[in-house]
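Below, chain A is the first sequence line, B the second, and so on; all start at residue 1.
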Protein chains: 2
Amino acid sequence: MRNRSCVMRLLRYKNALLKLKALNFVRVFSDNLADAAGVTSAQVRKDFSIFGITGNRRGGYQVGDLIENLSHILGKDKDYEFIVVGVGNIGKALMRYDGFEKSGIKISAGFDIDPTKYDPGAAVAVYDLSKLNEYVVKNKIRFGIIAVPEFAAQQAFEVMINSGIKGVLNFTPARLKGPEDCIINNINLETELESIIYFVNVADKTGGK
Amino acid sequence: MRNRSCVMRLLRYKNALLKLKALNFVRVFSDNLADAAGVTSAQVRKDFSIFGITGNRRGGYQVGDLIENLSHILGKDKDYEFIVVGVGNIGKALMRYDGFEKSGIKISAGFDIDPTKYDPGAAVAVYDLSKLNEYVVKNKIRFGIIAVPEFAAQQAFEVMINSGIKGVLNFTPARLKGPEDCIINNINLETELESIIYFVNVADKTGGK
DNA sequence: AATAAAATGTGAAAAAAATCACAAAAAATA
DNA sequence: TATTTTTTGTGATTTTTTTCACATTTTATT
Ligand SMILES: NC(=O)c1ccc[n+]([C@@H]2O[C@H](COP(=O)([O-])OP(=O)(O)OC[C@H]3O[C@@H](n4cnc5c(N)ncnc54)[C@H](O)[C@@H]3O)[C@@H](O)[C@H]2O)c1
Ligand SMILES: NC(=O)c1ccc[n+]([C@@H]2O[C@H](COP(=O)([O-])OP(=O)(O)OC[C@H]3O[C@@H](n4cnc5c(N)ncnc54)[C@H](O)[C@@H]3O)[C@@H](O)[C@H]2O)c1
């Protein structure tokens, strides 16, 4: 099934393959990909089977072909632009990161309501939130990142949706409500840290110190 | 079962409950929590059932009791300190964030190999990586965050493990290898964005025009 | 006090995901 | 060319997770 975790695995396979390709690998086996992605080889083959990706019995898979196949399935034939709403700690960290390019992702602008954040001349320009609609429509942006304080998240989201954005990565703890056809991925750093605490505490109790 | 997604849900319930408490709510029903966490009410009750949390038939749950129960299960009776390794874009964003306190989380120091990052006098001090062991041992730190470049991730991880750290949040795309008893949570922002692209593209093709 | 209404708690059922296991194909070897 | 070895591809099986559905309990109402 084309569920989230399956797609996340495909992305991991693709990243592992890109590294193998950089090392001039030509062939790869499901076992290798399994190790790289932290799953079983049967899982790798099953995932490929679901998406109709085939290899060569006894010969494994051609690295180049596999990357092409996965890139096509994952819609990464071309580059995609994201905007960031909320140019604070997280927003800035994302805008300054130079590693997205190699994944075909570009952060093309930031938006904020704090005038001290505006910087239309920067490498990644920062504009007033009121300019978002115009910018998104003109540049046909379809993806955005929400990095505003929690209380402003739903409002920022609605501005984005109304401008035509179809997919967002939400860093706030808020659970956004919007149209069915908008994809929302949530990252909650607090709960990530809290879950680590939980599992370490459990290991302490059971695994015996 | 006490698996990751179940624990993540409990954390979401707890966060929703803290907000309800702030609004002076006394009672809450599984339906309310379901809405807040984006799951079904049966899921909420099943989760509680697994952990032996009970409410009052017809009367729902007492907000205060529930928070206490969940906090106990989730091991959040006291505060926990994290260190950050790699004080770059992401590392700094985390160290400057002032919202962790309310979850009982404190980022107590940062470590880097770049001398220009050292800042022992800062609100959250930044030290040379070589000081990590001493600091972690002395302060009995058990949790850390990895925000170094990918190539340095495994090395940084090993320094942390050897100092006694038991749980890490890893922002690099690297798949860390270490002892069984160390908890590793991975956040891969690239694949998060890429998966959004995938699902929006799929929705485009199937869902409509 | 009897009846009705509302919400929990949980086994049973269903759905989803992962693993197994092995025939089929391809390559290597004899 | 025949045999052996290796790895894929996938139906069947198992495991895990979620949902269903309803008896049970509690509160409210008459
Ligand atoms: N920084 C972290 O490490 C961290 C950790 C956990 C969660 N978060 C969450 O991520 C989000 C962002 O955190 P942060 O630390 O970057 O916050 P921040 O306060 O540093 O930045 C928020 C930015 O959003 C801007 N803003 C406020 N309202 C806005 C609006 N309506 N439209 C556009 N911009 C607006 C502010 O001017 C500010 O620049 C928060 O919801 C926070 O809860 C952050
Ligand atoms: N910033 C983002 O938005 C973003 C997005 C996706 C992924 N990531 C990943 O997160 C990680 C951090 O990204 P960033 O943008 O913060 O990087 P960065 O380059 O801004 O910061 C990395 C820091 O780590 C330090 N460092 C290098 N080697 C070290 C070592 N061995 N020990 C201790 N410190 C060391 C560097 O001096 C630097 O200060 C990277 O692995 C990156 O792939 C970041």
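Atom CD1 of A:Ile53 and atom P of D:dT8 are 13 Å apart (whole Å). Following rounding to the nearest Å, A:Asp31 (CG) and C:dT19 (P) show an atom-to-atom distance of 14 Å. To the nearest angstrom, P of C:dA17 lies 14 Å from CG of A:Leu10. The interatomic distance linking B:Gln43 (CD) with D:dT16 (P) rounds to 16 Å, in whole Å. Taking atom CG of B:Asp47 as the reference point, atom P of C:dT8 lies 14 Å away to the nearest angstrom. For B:Asn69 and C:dG9, the CG to C1' distance is 15 Å, given to the nearest whole Å. Atoms CD1 (B:Ile50) and C1' (C:dG9) sit 12 Å apart, rounded to a whole Å. The CZ-P distance, from A:Phe48 to D:dT7, rounds to 16 Å in whole Å.
With no hydrogens or angles considered, no side-chain donor-acceptor pair links A:Tyr135 and A:Ser163 at under 3.5 Å. Judged purely by distance below 3.5 Å, without hydrogens or angles, the side chains of B:Asn185 and A:Ser195 pair a donor atom with an acceptor atom.
Put simply, A:Tyr61 has a side-chain N or O that comes within less than 4.0 Å of OP1 or OP2 on D:dG9. Considering only side-chain N and O atoms, A:Asn56 lies nowhere under 4.0 angstrom from the phosphate OP1 or OP2 of C:dA25. Residue B:Ser49 places no side-chain N or O under 4.0 Å from the OP1 or OP2 atom of C:dG9. Between B:Asn3 and the phosphate of D:dT16, there is no side-chain N or O to OP1/OP2 separation shorter than 4.0 Å. One finds a side-chain N or O of A:Arg9 lying less than 4.0 angstrom from the OP1 or OP2 phosphate oxygen of C:dA18.
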Distances for protein N or O near nucleotides 2-6 of chain D N or O, under 3.5 Å:
{"from": "D:dT5", "atom 1": "O2", "to": "A:Arg58", "atom 2": "NH1", "distance (Å)": "2.5"}
{"from": "D:dT6", "atom 1": "O4'", "to": "A:Arg58", "atom 2": "NH1", "distance (Å)": "3.0"}

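Each of A:Lys46 and B:Thr54 lies near DNA chain C, and the nucleotide nearest B:Thr54 is the one positioned closer to the 5' end. Nearest-nucleotide positions on DNA chain C place A:Arg45 closer to the 5' end than the other of A:Gly59 and A:Arg45.
Ring orientation note: the planes of A:Tyr127 and A:Phe111 are tilted relative to one another, at an angle of 30° to 60°.
Surrounding CD of B:Glu158 are more than 12 heavy atoms belonging to other residues, nucleotides or ligands, all under 6.0 Å away. The environment of NZ in B:Lys102 is crowded: more than 12 heavy-atom neighbours from other residues, nucleotides or ligands sit within 6.0 Å. Atom NZ of A:Lys21 sits in a sparse spot, with 12 or fewer heavy atoms from other residues, nucleotides or ligands closer than 6.0 Å.
Among the heavy atoms of the strands, none lies under 4.0 Å from A:Ser5.
Stretches of at least 3 consecutive Watson-Crick or G-U wobble pairs, with each checked distance under 3.5 Å, appear in DNA chain D as C:1-30 with D:1-30.
In this structure, A:Asn15 CG and B:Glu150 CD are separated by 8.5 Å, a value rounded to the nearest 0.5 Å. The structure places CG of A:Leu11 at 9.0 Å from CD1 of B:Ile197, a figure rounded to the nearest 0.5 Å. Rounded to the nearest 0.5 angstrom, B:Lys138 NZ and B:Lys131 NZ are separated by 11.0 Å.
Ring centroids of A:Tyr61 and A:Phe48 are separated by less than 6.0 Å, placing the two rings close together.
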